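Since the model is a prediction, treat every value here as computed from it, not as a measurement.
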Amino acid sequence: MATPGSTGSTGGSGTPTGVTNGAPDQPIDATVAEVGPLNQATQVTVIDVRVSADDGVRVAELASTGNLALIVLPAGR
């Protein structure tokens, strides 16, 4: 899910490229591929996800600006 940056925009540095499913704040379907261990020093856990090729650019763009949140839903949702 895109999150607002310091300017209140979810679009990063401009209009996102690769947006194929509507507005830039629409959820992106992803599947968790792997969950790494918690890094005790940084309190960060790396989670690898798979998204469609169409959403890959959008996810990378949002992640590079820190404007991306991962929301875990129960199985079957």
Side-chain angles (χ1 to χ4, degrees):
M1 177 61 90
T3 60
S6 59
T7 61
S9 169
T10 58
S13 61
T15 303
T17 59
V19 174
T20 60
N21 61 349
D25 60 348
Q26 291 295 310
I28 300 165
D29 288 330
T31 301
V32 174
E34 186 175 346
V35 179
L38 173 66
N39 180 317
Q40 294 295 329
T42 62
Q43 294 296 299
V44 171
T45 299
V46 175
I47 301 173
D48 295 324
V49 296
R50 292 188 178 120
V51 298
S52 71
D54 290 340
D55 287 327
V57 170
R58 181 171 167 225
V59 169
E61 192 174 68
L62 291 168
S64 73
T65 62
N67 294 337
L68 185 71
L70 176 65
I71 301 169
V72 180
L73 300 174
R77 260 273 321 174

Enquirer: Taking only residues two or more places apart in sequence, or in another chain, which ones meet Ala33 in a side-chain contact (heavy atoms from CB on, under 4.5 Å)?
Expert: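 Result, side-chain contact (heavy atoms from CB on, under 4.5 Å) vs Ala33: Asp48, Arg50.
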Enquirer: What about Val72 and Val35, same hydrophobic cluster or not, with Ile/Leu/Val/Met/Phe/Trp/Tyr joined at side-chain heavy-atom distances under 4.5 Å?
Expert: yes
Enquirer: Report the distance from atom CG of Asp29 to atom CG of Leu73, rounding to the nearest 0.5 Å.
Expert: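 With rounding to 0.5 Å, CG (Asp29) is 9.0 Å from CG (Leu73).
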Enquirer: For Leu38, give me all partners under side-chain contact (heavy atoms from CB on, under 4.5 Å), at least two apart in sequence or on another chain.
Expert: Gln40, Gln43, Thr45
Enquirer: Can you see which heavy atom on Val49 is nearest to which on Val32, and at what distance?
Expert: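 Shortest heavy-atom separation between Val49 and Val32 comes out as CG1-CA, 4.2 Å.
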Enquirer: Looking at every non-hydrogen atom in both residues, tell me the closest pair between Thr3 and Gly66 and how far apart they are.
Expert: OG1-O, 4.1 Å
